[in-house]
Engineer: 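Quick one: the structure is below, and I'll ask about it shortly.
As a basis for the values below, the full set of heavy atoms in this structure was taken, side chains included, without hydrogen atoms, waters or symmetry mates. Each chain gets a letter, A, B and so on, in the order its sequence line appears, and its residues count up from 1.
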Amino acid sequence: MTDKTPTGPGKGDHLYLIDGSGYIFRAYHALPPLTRKSDGLPVGAVHGFCAMLWKLLEETKGEDAPTHLAVIFDASGVSFRNEIYPAYKAQRPEPPEDLVPQFGLIRDATRAFGLPCVEMEGFEADDLIATYARQAADAGAKVTVISSDKDLMQLVREGVELMDPVKARRIGPEEVMEKFGVTPGKVIDVQALAGDSVDNVPGVPGIGVKTAAQLLDTYGDLETLLEKAEEIKQPKRRENLIAFADQARVSKLLVTLKDDVEVPEPLSDFAVRDPEAGPLVGFLKAMEFTTLTKRIAGKLDADAGEISATAEFAADPDAAVDEAPPVEAGAPGAAVAGQAAPIDTAAYQTVTDMETLDRWIARCFAAGVIAVDTETDSLDAASANLVGVSLATGVNQACYIPLAHRAGDGLDLDGNGDAPKQLDRAEVLERLRPLLADPATLKVGQNIKYDLLVLARHGVEVAPYDDTMLISYTLEAGAHGHGMDELSKLHLDHAPIPFKEIAGSGKSAKTFDLVPIADATRYAAEDADVTLRLWNVLKPRLLAERKVTVYETLERPMARVLAGMEREGVKVDVKVLNRLSNDFAKEMARLEEEIFALAGERFTIGSPKQLGEILFGKMGLVSAKKTATGQAATGADVLEELAAQGHDLPARVLDWRQVSKLKSTYTDALPTYINKETGRVHTSYSLAATTTGRLASSEPNLQNIPIRTDMGREIRTAFIAEPGNVLISADYSQIELRLLAHIADIPQLKTAFAHGLDIHALTASEMFGVPVEGMDPSVRRRAKAINFGIIYGISAFGLANQLHIPQEEARTYIARYFERFPGIRTYMDETKAFAREHGYVETIFGRRIHVRGIDQKQPSARAFAERAAINAPIQGAAADIIRRAMIRLPGELAAARLKARMLLQVHDELIFEVPEDEADKTAALVKRVMEGATLPARQLSVPLTVETGRGPNWDAAH
DNA sequence: GTGTGGCA
DNA sequence: TGCCACAC
């Protein structure tokens, strides 16, 4: 290998063009998986690529030795072909998880070899390869295209060959003939007819490669064939060729590679030079390719021991799996500040011109993994306007693109009196669109559901994505919160700029669009920078701690599913709410007068303090207990007790409280959440708020709409469907008890569920020795309360309160329960012991829930933690199951061509809005999917049953 | 057992 | 911030 004068390749030269993007997929599937030892980073394709490059440069001799070489990549998921046919390559699946980081690494490898990396927005790698191949072949040089992509076979001609990089097999005209049955010149026509389901090239129905070759053999070329289609004997084939002639022509446009692209770099730049030992060996060392490092260092006359691994690519030593044990959740040593440079907000860039934007977009494509954060003018994603976007590509490499900052309130945003200079939002989003949709670029967000929702409202999709909040939740639910500030302090030992500092707080707080752009850049770019740093710390731990499946099947897909549900929202009938609000107000006024009459004075009923003074001071009633603050308790249980003794005032107060609650929390508050644009209520689901895996709904909370009392249940009638539609609900019946029966392995309960028996009656029968037939309802009610208590980890205290019985009696019930179902006690003891030993428990799907305080000395505090530990695997498994159903449902509904939209989740229940004529079919499908949601991950030893209901208000059967 | 929210 | 009340 010698340095040559950098001229374009001519006679006697040999140009190698490597299809970098294609190589990754090919190598991923053909080569055994390989992960970096110290942190589990998948590097199989990178290793194959480096070995292949080295072999090409070093071991290929004679006329096959490359004189020129370049690696060509796909710039993004979108090309000029999408303008011809929008569905082109539209249904490609996302690349596998462990492949994504390798896209960026292969570009890094190419640069480490000192070789050119070429890509161009709007064109596929194949088009660039076609252009360079034609230029070189026209100049008389030999060309080898390293790819096994059949689409490139059309390039084969005199002097142009393909080579399969994995099999090292050369593909010339003969091999093309073997594959397509025609000479390379007619490959395009075959593809135009046969189509390609993977790339979504339509072709002509009923015609495959074999038939296409045969037809072209007879008619010569596509145009002639289409013109003479009438002559074809087979009726179906003839009709299709006539009917789909234009589709065949469009297909031909799609498969024809463009060989006259105005390429970004001239061929003369591709002249091969000796690689520099420093960067190359440094990169190989960082990848931990020991054998390859030795071999290459030896050939380059470099001492591998002298060159250190390139820090940028090296594994984070603190994330190592074989040297250090996994970091304890929340432990002080969990901070991983060591490796990366400290946060430098001065390094961030504000993007206000297109050239800079394009440079950042190119950097993002090259990086393979980027962090994205959107800034908006409100916290409510359903109505927030996009104010800016920040991107990060590496440590301290971050930018902010302001899009809708305003010079409000006469503020001088830039300090120079001008209105803030910024790019046009729509234009920027169009530029970002290919990047955000690029299957080879992983977009990392912190709580990315928010960004998905905001961007979706601007018509921009994001895929593939990762979410640092959800990774943290997967690893350490229950150990701590998962907000960015908390994670940053914990893992990066860095406190990000507080929002308050740039936007102010309280009354003078500004929305983000009024924040000066310099401040906005510091804040927003830091968020992206921190997010990417967190990803670097947290993502490898998923692999090391064997939580990749939990993250990928239970957490990550939920962000998109919930973004969709939140965007849909649910319609509420304001008239109904207003009417109820009036009714409740009248009822409250009536009760107030009654209460004041009974008390002999007017006071604030809602004040526990004033109420206490009236009840226990003025009226001289005896207070059963005190609150934590020493105040006499006026809780429902106390008032109920007093009411039962025949006192009217506490009974009326209880009534008042109920109505007051319904009015303030529901009928008055709900209308204020109606979105002006959609006319619907868009709740927000939190994926990382609970310890167990349940969701939490807020603003408004639609998971606690009343149902138990008649007055409360009326509120549900305000939730309605659009005309011609109905709401249907589907809820898991007794899911937690079924899971308890499975997990604790209770034969009687399992049999009862298998036979569809009344589980509470059976429990009562077992415990009290009475037959199920003709059972006293109060006996069944007691058993039901005990069953619930068991799920919650039961205490005699809790059960006694629930059933209004002495603790002693409750204690004997529990003892009897354990006697009849000994598996329960075993489950509880084993779960407590497991939690004490590990600090966490797990669901049958592998979700990990950390239990804090299990080793506290104080018995009551410890017992509380123990009950949480006992409940978590049950509640958590139920949460896992409904998540699995929710993730599958949108696809299943679409596949069945049903228009149903999933609107709400209430822990064990899903609510859909459905066209009236599809209600039955939808209910059946939803039931099937929900009941089957445990498989294939788990086979339960109890059946799951789902009950569906229909109507303006959802079901009351819990 | 797990949550959110209104009110004083 | 604590208390209370709504849901599963």
Side-chain angles (χ1 to χ4, degrees), chain A residues 477-478 603-612 625-640 653-670 672-673 683-709 711-713 715-716 729 731-737 739-740 785 787-795 797-799 802 828 831 841 849 851 863-879 882 904-911 954-958:
Chain A
F603 66 101
T604 309
I605 305 169
S607 161
K609 189 162 174 265
Q610 291 186 33
L611 179 63
K625 57 178 183 181
K626 296 255 164 82
T627 67
T629 47
Q631 192 100 69
T634 57
D637 50 344
V638 175
L639 298 191
E640 270 165 26
V653 170
L654 281 170
D655 294 342
W656 182 90
R657 273 187 188 168
Q658 195 206 359
V659 184
S660 158
K661 165 79 179 181
L662 294 177
K663 183 172 185 296
S664 68
T665 311
Y666 302 106
T667 57
D668 287 354
L670 272 176
T672 69
Y673 288 104
T683 185
S684 172
Y685 287 102
S686 171
L687 270 162
T690 71
T691 54
T692 56
R694 272 194 182 182
L695 305 180
S697 153
S698 63
E699 292 178 324
N701 181 356
L702 294 183
Q703 291 183 320
N704 70 342
I705 304 299
I707 193 164
R708 287 179 187 169
T709 64
M711 229 189 300
R713 193 155 44 236
I715 292 167
R716 295 203 167 203
S729 74
D731 65 288
Y732 284 107
S733 158
Q734 312 274 18
I735 188 166
E736 294 193 347
L737 263 183
L739 286 167
L740 175 70
N787 276 333
F788 273 100
I790 293 293
I791 291 168
Y792 297 156
I794 205 142
S795 68
F797 173 80
L799 185 62
Q802 183 68 34
M828 289 183 169
T831 306
V841 293
I849 298 142
V851 183
F864 181 82
E866 286 173 349
R867 290 196 292 277
I870 288 162
N871 171 256
I874 303 167
Q875 193 182 109
I882 197 164
L904 301 172
Q905 189 249 42
V906 195
H907 307 310
D908 63 357
E909 174 186 30
L910 295 173
I911 291 138
W954 59 89
D955 231 85
H958 291 293

Engineer: Output all residues satisfying side chain to side chain contact (heavy atoms under 4.5 Å, CB included) with Glu640(A), sequence neighbours left out; order by chain, then residue number.
Structural biologist: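 Listed in chain order: Ala636(A), Leu654(A), His804(A).
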Engineer: Under the side chain to side chain contact (heavy atoms under 4.5 Å, CB included) test, which residues partner Phe603(A), sequence neighbours left out?
Structural biologist: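 Once residues adjacent in sequence are excluded, the partners of Phe603(A) under the side chain to side chain contact (heavy atoms under 4.5 Å, CB included) criterion are Ile595(A), Phe596(A), Ala599(A), Ile605(A), Gln610(A), Leu611(A), Ile614(A).
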Engineer: Hey, does Asn871(A) reach any base, or is it just sugar-phosphate, or nothing, if we go heavy atoms under 4.0 Å?
Structural biologist: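 Sugar-phosphate, no base atom in range.
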Engineer: dC4(C) P sits how many Å from Asp655(A) CG, rounded?
Structural biologist: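 The distance from CG of Asp655(A) to P of dC4(C) comes to 17 Å, rounded to the nearest Å.
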Engineer: Using a 4.0 Å heavy-atom cut-off across all strands, classify Gln875(A) as base, sugar-phosphate, or nothing.
Structural biologist: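 Gln875(A): base contact, heavy atoms under 4.0 Å.
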Engineer: Tell me, which pairs form a salt bridge (Lys or Arg N to Asp or Glu O under 4.0 Å) where one or both residues lie in residues 653-662 of chain A, sequence neighbours left out?
Structural biologist: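 Qualifying pairs, neighbours excluded: Arg652(A)-Asp655(A).
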Engineer: From CG of Leu639(A) over to P of dC3(C), roughly how many Å is that when rounded to an integer?
Structural biologist: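 Interatomic distance, CG of Leu639(A) to P of dC3(C): 15 Å.
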Engineer: Taking any heavy-atom pair under 4.0 Å as a contact, classify Arg708(A): base, sugar-phosphate, or nothing.
Structural biologist: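 Touches a base.
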Engineer: Looking across every strand, which nucleic acid part, if any, lies under 4.0 Å from Arg867(A) by heavy atom: base, sugar-phosphate, or nothing?
Structural biologist: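 The answer is sugar-phosphate, as Arg867(A) gets under 4.0 Å only of primed atoms, P, OP1 or OP2.
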Engineer: 5' to 3' on DNA chain B, which nucleotides open and close the contacts with chain A (atom under 4.0 Å from a heavy atom)?
Structural biologist: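 Range of nucleotides within reach of chain A: dG1(B) to dA8(B).
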Engineer: Looking at DNA chain C, which of residues 658-667 of chain A put a heavy atom within less than 4.0 Å of it?
Structural biologist: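 Residues of residues 658-667 of chain A that come under 4.0 Å of DNA chain C are, in numerical order, Gln658(A), Lys661(A), Tyr666(A).
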Engineer: Is any side-chain heavy atom of Ile874(A) closer than 4.5 Å to a side-chain heavy atom of Ile790(A)?
Structural biologist: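 Answer no - side chains too far apart.
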Engineer: Scan Ser686(A) against the nucleic acid and name what it touches under 4.0 Å (heavy atoms): base, sugar-phosphate only, or nothing.
Structural biologist: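 No contact.
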Engineer: Scan Tyr685(A) against the nucleic acid and name what it touches under 4.0 Å (heavy atoms): base, sugar-phosphate only, or nothing.
Structural biologist: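 No contact.
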Engineer: Determine the contact category for Ala878(A): base if any of its heavy atoms lies under 4.0 Å from a base atom, sugar-phosphate if only primed atoms, P, OP1 or OP2 are that close, otherwise nothing.
Structural biologist: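 The residue Ala878(A) makes no contact with any strand.
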Engineer: Report the distance from atom CG of Leu670(A) to atom C1' of dC6(C), rounded to the nearest whole Å.
Structural biologist: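 To the nearest whole Å, that distance equals 12 Å.
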Engineer: With heavy atoms under 4.0 Å as the rule, sort Gln610(A) into base, sugar-phosphate or nothing.
Structural biologist: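 No contact.
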Engineer: Taking atom P of dC4(C) as reference, at what distance in whole Å does atom CG of Asn704(A) sit?
Structural biologist: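 Value for this atom pair: 18 Å.
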Engineer: For Thr690(A), check side chain to side chain donor-acceptor pair (under 3.5 Å) against everything at least two apart and list the hits.
Structural biologist: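 Applying side chain to side chain donor-acceptor pair (under 3.5 Å) to Thr690(A) gives Tyr473(A).
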Engineer: Under the rule for side chain to side chain contact (heavy atoms under 4.5 Å, CB included), what residues qualify as partners of Asn787(A), not counting sequence neighbours?
Structural biologist: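 With neighbours one apart ignored, the set is Leu737(A), His760(A), Thr763(A), Tyr817(A).
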Engineer: Can you list the residues that meet the side chain to side chain donor-acceptor pair (under 3.5 Å) rule with Gln875(A), with sequence neighbours excluded?
Structural biologist: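 Only Thr692(A), Asn871(A) meet the side chain to side chain donor-acceptor pair (under 3.5 Å) criterion with Gln875(A).
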Engineer: Which residues pass the side chain to side chain contact (heavy atoms under 4.5 Å, CB included) test with Ala879(A), not counting sequence neighbours?
Structural biologist: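 Testing Ala879(A) for side chain to side chain contact (heavy atoms under 4.5 Å, CB included), a comparison that skips the adjacent residues, returns Arg694(A).
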